[in-house]
There are 2 protein chains.
Amino acid sequence: MRLTDHEFNRLTVLRHMRAAQPVSRTDLASLSGLTGGTITQIVRELVQRGMVMEQRVETGGRGRPRVNLSINPQGAYAVGATLTAEGPFLVDIIDLNGNCVSSTSTMLRGTQQLADLADQISGVLRDAIAASPVAHDAIAMVGIGLPAVLDNRTGTVLMLETFEPGPYPFADAIARQLGVPVRLDNSINLLARAMHWFDDGSDVDDFTLVVLDLGLGAACYQNGQLVIGSHGIEAELGHTKIVPENGRRCQCGALGCLQAYSAISGIVGQHCDAHGLAEPSYLVMRDAVAEMVQRARAGDIATQGIFRRAGHYLGIGLANHINMQDPDRILILSQHPEIVSLISEALLASLAQNVLPHLWDQAKLAFGKLDALSYSRGAAAMVLERLYQAREPLQQT
Amino acid sequence: MRLTDHEFNRLTVLRHMRAAQPVSRTDLASLSGLTGGTITQIVRELVQRGMVMEQRVETGGRGRPRVNLSINPQGAYAVGATLTAEGPFLVDIIDLNGNCVSSTSTMLRGTQQLADLADQISGVLRDAIAASPVAHDAIAMVGIGLPAVLDNRTGTVLMLETFEPGPYPFADAIARQLGVPVRLDNSINLLARAMHWFDDGSDVDDFTLVVLDLGLGAACYQNGQLVIGSHGIEAELGHTKIVPENGRRCQCGALGCLQAYSAISGIVGQHCDAHGLAEPSYLVMRDAVAEMVQRARAGDIATQGIFRRAGHYLGIGLANHINMQDPDRILILSQHPEIVSLISEALLASLAQNVLPHLWDQAKLAFGKLDALSYSRGAAAMVLERLYQAREPLQQT
DNA sequence: GTCAATTTTTTTATTTCCTAAAAATATTGA
DNA sequence: TCAATATTTTTAGGAAATAAAAAAATTGAC
């Protein structure tokens, strides 16, 4: 869906305001390229809706003093929720600056019915909102992230592992029970949204986010927009093929997937292969890799080799992506910085070797720590983007 | 550069007109979602500019008869030119329907100076236009395709093999000498533009074009726009890495590139490796591969193996792309259908094996023949797109 | 033949939203 | 007190969309 010029301008103004806040109207005009009159008009609307605050400023110089504008964190709240791979369902209530006001984690009852899952989630959300200091009608929208194949425009879940296959109108089901609009997206897309909206990514319009966790996923922004393939699926970096012959078997059934070498599950899996152990379940995978980190640090050559290979192959996978797409920046996120530090040397060498010379610049690459809140912030970012596009007032209060 | 709403609407109307011509205003309104009044206004401008013709229609039914609209092929002409990998410089003059009016091929004098190349090209273009039945001032614009790294917004060449490195303002240099606006793009991007504007791709807004020739290239359309990375380089499918260890050396210097296995140069190269021959030059590469085709057809197991591997690896490379980007369609073009038919079985098997099940559908894939005119049609398409965005009259006649 | 019915196209009134320029506002320093 | 100055708002004007009314061009029934 193409935004109208006006929607686009409004979003531009808000994005500049977020990045530069507090900032005057005049500065916003020069940042955005719009005229002062237009800024006045757009800002007036945002102030009336309670999303933006004004604040006098004593400049000391001559002339009419500027009025600084900033996002009003209390202007509205978004609920960001995530179903994690390991089970707990996280609910955070986020203000307009991306700060968390309240946070809960709930273990859901096992089920294979998407309808049942939606029911449970509705209940958890209702409780979380009730228990929070935020009034129910100050919640503008709910954003939910799922590790699923889904259509984020309609909020329909197509495929969620261990559940009966969809399509199921997940967002609608929850919205009906909760009485608040609900938006849905894939977990990794949410992280990318969080980067783009709240973090360093906010001034970068073309970047790729790589998440090195139990699995390996990626999401791309291009021209300031999340790239969504024709099936609405995130970039499946983990299932690109790195080893063409006799590769390791991946959970997806294919052979030689990057994930089977460079994701945590792959790293642990290779270790188990070498020692004739059964691969541990997801629940203890993090413990297993922590032990491998110890070994590698203690000088275990074989284990070091596994990490080195993980870095080398991840470099190939990323190089392939860079050669195809030429993103401006790449950000690798992980919950486990110690893993990143063990693989980064091989990764950089592999990138330098495999990316086309014109396309390679080390400054492209950055590493970051993934924390549980990022998902919720992403869900909130998705909601904010939607809110800012809309023109209705936020609250009925 | 974001189009304004009006520009976008104008382009939308023209695209629908092209695809459905001849077509009435009313039908255009429902196709485009715009109101009749808007269509009247946009079409009036296009008719005044001479780009669209009206034609009465006897419907037989009741009511005011519809007036059919179609693109006026003689409304303007675009020059499409290409510097081919093997040397000849092709110049075609193309009408607004993409049909070729006049065609020349010239061998340029060898040089390493981009300025010299631009001079030669200017001369050839001037002669080609003079020799054609089209008046000089009916030429609205010149589009040139180069197998180069370049910035297509500014018409600057950054890197063209065997030439001194840029940046060099190639388009400006030619435009100054010729007195006609000039646009530049990468050759493979041009092919994608030709597909999107003139051919089957015109109703598909997300597709990937793969060109299997001496090298191996690709270009992607997403949301009806050519995807251009942050360096303006086309998707370097040929330099994605398929063999992670001890792969063949590629012209780019790296090891294990897809191009070293699945491009014609790679196919011939593997044959030479096996027989201890020196790799032939680009000029006789096509003869060499033709001989290999004969051998394979005659039952030579080793040669068949090379083609099979080419297909298998191309399948992996494409699967990686599909898993990352999820394009709606994939079109594989080649000048040599016989090569495609030798590799297609292995290619399809490899795709079926390596693409994630949700993303795979055989209908996605199509094969086509690449003819020399396609490049020029692409150059013309680039020019037309630009023309349609502009609002000045086409000609000074 | 005339005219009601019908379909297509154009016109008109209205709205939205931008820009440029003028006006208003709010402050400091001479 | 007011000139100077910087910021913001207002105003007038224009581009381009929509919805609805009007106009145009034809057929078929009587």
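Small disclaimer: the values here were computed from a predicted structure and weren't measured. Just so it is clear: chains get the letters A, B, ... in the order the sequence lines come, proteins before strands, and each one is counted from 1.
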Could you state the CZ-C1' distance from A/R10 to C/dT16, rounded to the nearest angstrom?
12 Å
What pairs with B/R2 under side-chain hydrogen bond (donor to acceptor under 3.5 Å, both in side chains), at least two apart in sequence or on another chain?
A/D5
To the nearest angstrom, how far is A/I42 atom CD1 from C/dT19 atom P?
9 Å
Protein-nucleotides 28-30 of chain D N/O pairs closer than 3.5 Å?
residue: D/dG28; atom: O4'; partner: B/R62; partner atom: NH2; Å: 3.0

For A/S374, all residues meeting side chain to side chain contact (heavy atoms under 4.5 Å, CB included), sequence neighbours excluded:
A/L191, A/L370, A/D371
Should A/H6 be listed as having a side-chain N or O under 4.0 Å from OP1 or OP2 of C/dC18?
yes
For the pair made of CG in A/L34 and P in C/dA20, what is the distance, rounded to whole Å?
11 Å
Using modelled atom types and a 3.5 Å cut-off, is there a donor and acceptor pairing between side-chain atoms of B/R377 and backbone atoms of B/G98?
yes
Those residues at least two apart in sequence (or on a different chain) that pass side chain to side chain contact (heavy atoms under 4.5 Å, CB included) with B/Q225 are none
With sequence neighbours left out, the residues meeting salt bridge (charged side-chain N to carboxylate O under 4.0 Å, His left out) with B/D95 are none
Take atom CG of A/L3 and atom C1' of C/dC18, then tell me their distance rounded to the nearest Å.
17 Å
Counterpart residues, salt bridge (charged side-chain N to carboxylate O under 4.0 Å, His left out), relative to B/R183 (two or more places apart)
none
Counterpart residues, side chain to side chain contact (heavy atoms under 4.5 Å, CB included), relative to B/V157 (two or more places apart):
B/L114, B/L146, B/A148, B/L160, B/F170, B/L184
Which protein N or O atoms sit under 3.5 Å from an N or O of nucleotides 8-12 of chain C?
residue: C/dT8; atom: OP1; partner: B/R66; partner atom: NH2; Å: 2.6
residue: C/dT8; atom: O4'; partner: B/R64; partner atom: O; Å: 3.2
residue: C/dT8; atom: O2; partner: B/R64; partner atom: NH1; Å: 3.4
residue: C/dT9; atom: OP1; partner: B/V67; partner atom: N; Å: 2.6
residue: C/dT9; atom: OP1; partner: B/V67; partner atom: O; Å: 3.3
residue: C/dT9; atom: OP2; partner: B/R25; partner atom: N; Å: 3.3
residue: C/dT9; atom: OP2; partner: B/T26; partner atom: N; Å: 3.0
residue: C/dT9; atom: OP2; partner: B/T26; partner atom: OG1; Å: 2.7
residue: C/dT10; atom: OP2; partner: B/R25; partner atom: NE; Å: 2.9
residue: C/dT10; atom: OP2; partner: B/T40; partner atom: OG1; Å: 2.9
residue: C/dT11; atom: OP2; partner: B/R44; partner atom: NH1; Å: 3.0

Phosphate OP1/OP2 of D/dA17 contacted by B/N9 side-chain N/O (<4.0 Å):
yes
For A/T26, all residues meeting side-chain hydrogen bond (donor to acceptor under 3.5 Å, both in side chains), sequence neighbours excluded:
none
Just jot down the ring-ring contact (aromatic ring centres under 6.0 Å, His included) partners of B/Y77, sequence neighbours excluded, or say none.
none
Looking at A/R18 and A/I71, would you say the former's side chain and the latter's main chain have a donor-acceptor pair under 3.5 Å?
no
How many whole angstroms separate atom CZ of A/R2 from atom C1' of D/dA17?
14 Å
Counterpart residues, side chain to side chain contact (heavy atoms under 4.5 Å, CB included), relative to A/T38 (two or more places apart):
A/L34, A/T35, A/I42
Rounding to 10°, can you tell me the angle the first-five-pair axis of the helix from C/dG1-D/dC30 to C/dA30-D/dT1 makes with its last-five-pair axis?
40°
Taken to the nearest whole Å, CG/A/L69 to C1'/D/dT7 is 12 Å
